[in-house]
Amino acid sequence: MNSESTKVTALTPEQILELLDEQQRAAAESVLGPTVILAGAGTGKTRTVTHRIAYGIARGYYAPNRILALTYTNRAAGELRDRLRRMGIVGVSVKTFHAAALSQLEYFWPQYAGVPAPLVIESKARFIARAAESQGVMLDTAGVRELASEIEWRKFSMLSLDEYAQVRRPAAAGLSHAKNVAIQEAYENLKTKEQRLDWEDVLVLCLGLLRAEPRALAHVQQQYRFFTVDEYQDISPLQHALLDEWLGGHSDLCVVGDPNQTIYSFTGASAAFLQGFANRFDGSTVVELTTNYRSTPAIVETANRLLRGENSMAELVAANRESAAQPVVPRAFDSVSDELNWVAYSVRQRLEQGVPASQIAILYRVNGQSEAIENALARQNVEYQLRGGQRFFARPEIVQAMLALRAEAISPSAKPLFQTVSDICRSLGWQSQPPEHSGATREKWESLNALIGILDELDPAATIVDFVAELDERQRSQHEPTKEAVTLSTIHAAKGLEWQVVYVVGLTEGYLPIAYAESDAAIAEERRLLYVAITRARTSLQLTFARRDVGGRPTAPSRFLSSLSRHAAGD
């Protein structure tokens with residue numbers, strides 16, 4: 001980072017704390033020793049973590065290169081890294097658990113195994129399908145997805161195949177448990193034969209290597225001395241065991257989480273580590289963040305009502321209390337078609353009122369609900385994007401632009417950066433005004449426009465070399481720019497994100513809670529899932545359901561909606 005940027009963004013310790021509220025400040029000042037930050041939805045968690053790191057560095061407690069900040073998603077890592085950079089902080093390692101483990105595995109594997117580390121497969125799907133075929137089973141897409149989830153649960157729970165075979169689990173992909181185990185064994189054998197790893201293997205092998213090689217472990221523990229872990233309620237036994245190895249005998253660990261957003265138990269995640277943190281580490285500092293800066297009072301009160309009596313934390317308090325917190329009233333429709341047609345029409349109205357498409361999301365429980373939503377939006381000529389769809393950096397026009405930009409960086413011209421980038425994008429079909437009609441041409445324009453938009457996030461003095469380095473880092477971490485389109489997403493995939501306008505659809509028994517959620521614990525997690533959906537909204541929240549399903553059969557509204565109504569009535 002250049003000196004001008006540092007001069008503009010560098011803050012004194014006092015200035016860093018001035019930007020925080022009282023609760024956030026208490027968390028930021030706890031720079032040494034074990035600290036747990038219980039951060040409710042929309043309470044400025046990332047801001048608090050960023051300022052805590054910056055404050056510790058400014059006060060001289062931390063050396064940036066001794067810090068490892070761990071997240072669960074590449075986007076969260078990218079956001080945290082960007083915020084630190086804007087504050088003049090460089091040198092901090094901000095990575096997902098998987099990325100941190102992979103970098104260590106790739107570094108140490110050649111030293112101790114004598115060969116490069118095996119490559120990581122992009123997706124389990126192809127390997128699972130081949131393994132199933134070898135066992136005489138043909139799996140559809142949903143079946144492959146279910147089996148992939150079982151593989152992840154087994155590995156995150158640190159179970160061998162033999163141990164897994166003795167565990168009673170719900171049937172996956174309609175398979176008997178014995179057939180499930182046989183396919184998983186074939187899957188593991190196939191990966192071994194082709195010298196490939198899945199992402200869970202990366203954690204398993206990194207943990208095994210560090211436990212087996214004291215010199216490697218000492219190297220890592222010497223490199224990293226201070227740890228921050230985001231979304232700690234989602235940590236699995238496998239990730240926790242790896243974190244323990246990295247931490248060694250030290251206790252300079254800050255964990256951040258919200259037990260009310262524990263929604264990944266199906267992957268082996270456990271909120272017990274967050275809830276038991278203070279008992280494990282004597283003298284822990286515990287800070288609760290309860291002031292919600294994201295949502296209107298009406299939305300905050302809806303979230304509070306949903307968890308009233310279930311909440312282990314203090315309720316959220318809306319930062320903006322000027323408007324009355326009138327309840328969010330769910331909308332009922334006779335059919336799913338009526339429900340989704342209304343949602344699509346409402347979205348179209350929002351767009352015509354000037355709400356950016358990227359600030360609107362439609363959330364649902366399972367992937368199978370998206371097709372009907374897509375059709376309804378298409379009838380209203382509304383552009384949308386499926387979260388988890390085609391990767392930005394894999395799009396042909398972006399691949400071409402990256403090649404041209406790298407070539408330019410080798411022998412840069414004297415042109416300003418914006419002109420250089422815009423000229424390259426123009427050669428690929430970009431223009432200053434978007435095409436009038438939707439379709440492939442519009443999608444291409446939006447991708448190139450998003451690429452140009454990244455320039456706004458760089459230092460004004462950035463060069464073409466800086467821009468290419470930024471793009472390379474974003475590509476590695478899958479930190480993709482926002483596309484100007486309405487987002488369609490499962491609630492699970494929406495966690496950690498927010499929009500101005502949110503529609504939560506399909507709120508019926510069988511979807512939310514999902515039909516196979518039978519135990520009290522499973523129902524409680526489904527309730528928390530709806531809480532996550534509600535707290536994604538900033539200014540407008542719509543909850544909808546239909547009285548009949550797509551086949552015309554009667555349905556019951558989600559039990560959670562009656563809970564909202566009961567509490568709204570003052571029960």
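Numbers here are sequence positions counted from 1.
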Any residue meeting side-chain contact (heavy atoms from CB on, under 4.5 Å) with [X], in chain and number order, not counting sequence neighbours:
X: Val204; answer: Leu238
X: Pro34; answer: Ser251, Phe277, Phe281, Ser284
X: Asp198; answer: Ile121, Lys124, Ile151, Lys155, Tyr187, Lys191, Glu200, Asp201
X: Thr285; answer: Ser30, Thr35, Val287

Side-chain touch [X]/[Y], heavy atoms, less than 4.5 angstrom:
X: Leu274; Y: Ile235; result: no
X: Tyr364; Y: Ile491; result: no
X: Leu386; Y: Thr487; result: no
X: Val366; Y: Ile514; result: yes
X: Ser176; Y: Lys179; result: yes
X: Ile523; Y: Ser519; result: no
X: Val49; Y: Leu80; result: yes

Set out, in order, the CA-CA distance, both residues' side-chain angles and the distance that settles side-chain contact (heavy atoms from CB on, under 4.5 Å) for Leu38 and Leu289, then state yes or no.
CA-CA 6 Å; Leu38 300 173; Leu289 307 184; over 6 Å; no
Is the backbone N or O of [Y] less than 3.5 Å from a side-chain atom of [X], with the two atoms forming a donor-acceptor pair by type?
X: Glu163; Y: Arg154; value: no
X: Glu526; Y: Pro513; value: no
X: Ser295; Y: Ala537; value: yes
X: Glu525; Y: Ser265; value: yes
X: Arg280; Y: Ala278; value: no
X: Arg47; Y: Leu20; value: no
X: Gln111; Y: Tyr107; value: yes
X: Asn292; Y: Ala319; value: no
X: Glu245; Y: Leu242; value: no
X: Glu509; Y: Arg559; value: yes

Could you state the interatomic distance from [atom1] ([X]) to [atom2] ([Y]), rounded to the nearest 0.5 Å?
X: Arg86; Y: Arg81; atom1: CZ; atom2: CZ; value: 12.5 Å
X: Ser236; Y: Leu243; atom1: OG; atom2: CG; value: 10.5 Å
X: Tyr531; Y: Arg305; atom1: OH; atom2: CZ; value: 13.5 Å
X: Leu70; Y: Phe97; atom1: CG; atom2: CZ; value: 4.5 Å
X: Leu175; Y: Gln184; atom1: CG; atom2: CD; value: 10.0 Å
X: Arg528; Y: Asn260; atom1: CZ; atom2: CG; value: 8.0 Å

For Phe227 together with His250, are the ring centres under 6.0 Å from each other?
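Not under 6.0 Å, so no.
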Whether [Y] and [X] form a salt bridge (side-chain N of Lys/Arg under 4.0 Å from carboxylate O of Asp/Glu) is what I want to check.
X: Glu29; Y: Arg59; answer: no
X: Arg538; Y: Glu498; answer: yes
X: Arg83; Y: Glu79; answer: yes
X: Arg308; Y: Glu301; answer: yes

Trace of the side-chain contact (heavy atoms from CB on, under 4.5 Å) decision for Asn180 with Glu185
CA-CA 9 Å; Asn180 174 356; Glu185 184 175 11; over 6 Å; no
State whether a side-chain donor-acceptor pair under 3.5 Å links [X] with [Y].
X: Ser103; Y: Glu106; value: no
X: Thr267; Y: Glu152; value: no
X: Asp162; Y: Gln166; value: no
X: Gln23; Y: Thr290; value: yes
X: Gln233; Y: Glu231; value: yes
X: Gln104; Y: Trp109; value: no
X: Tyr293; Y: Asp21; value: yes

Listing request: all ring pair (Phe, Tyr, Trp, His ring centres under 6.0 Å) pairs with a residue in residues 155-176, at least two apart in sequence or in separate chains.
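Found Tyr164-His177.
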What are the two closest heavy atoms between [X] and [Y], and how far apart are they?
X: Val504; Y: Val502; answer: CG2-CG1, 3.9 Å
X: Leu564; Y: Thr302; answer: CD2-O, 3.5 Å
X: Ala125; Y: Val144; answer: CA-CG1, 3.6 Å
X: Ile263; Y: Asp234; answer: N-OD1, 4.3 Å
X: Arg365; Y: Tyr516; answer: NH2-OH, 3.9 Å
X: Ile16; Y: Ala58; answer: CD1-CB, 4.0 Å

Apply side chain to side chain donor-acceptor pair (under 3.5 Å) to residues His98 and Tyr72 and explain how you reach the verdict.
CA-CA 8 Å; His98 290 95; Tyr72 282 84; over 6 Å; no
Tell me whether the rings of Phe266 and His492 are parallel (<30°), tilted (30 to 60°) or perpendicular (>60°).
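Plane angle over 60°, so perpendicular.
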Around atom CD of Gln195, are there more than 12 heavy atoms from other residues, nucleotides or ligands closer than 6.0 Å?
no
For Phe127, is the NZ or CZ atom of Arg130 found under 6.0 angstrom from the centre of its six-membered ring and inside 45 degrees of the ring axis?
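Flagged: Arg130 positioned over aromatic ring of Phe127.
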Does NZ or CZ of Arg169 come closer than 6.0 Å to the centre of the six-membered ring of Trp153, within 45° of the ring's axis?
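The answer is yes; both the distance and angle limits are met.
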Identify which one of Asp258, Thr43, Val256 satisfies the side chain to side chain contact (heavy atoms under 4.5 Å, CB included) criterion when paired with Ile37.
Val256
Identified side chain to side chain contact (heavy atoms under 4.5 Å, CB included) counterpart of Ile67 within the set Ile89, Val92, Val94:
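Exactly one pass, corresponding to Val92.
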Hits for ring pair (Phe, Tyr, Trp, His ring centres under 6.0 Å) against Tyr224, two or more places apart or cross-chain, chain-then-number order -> none
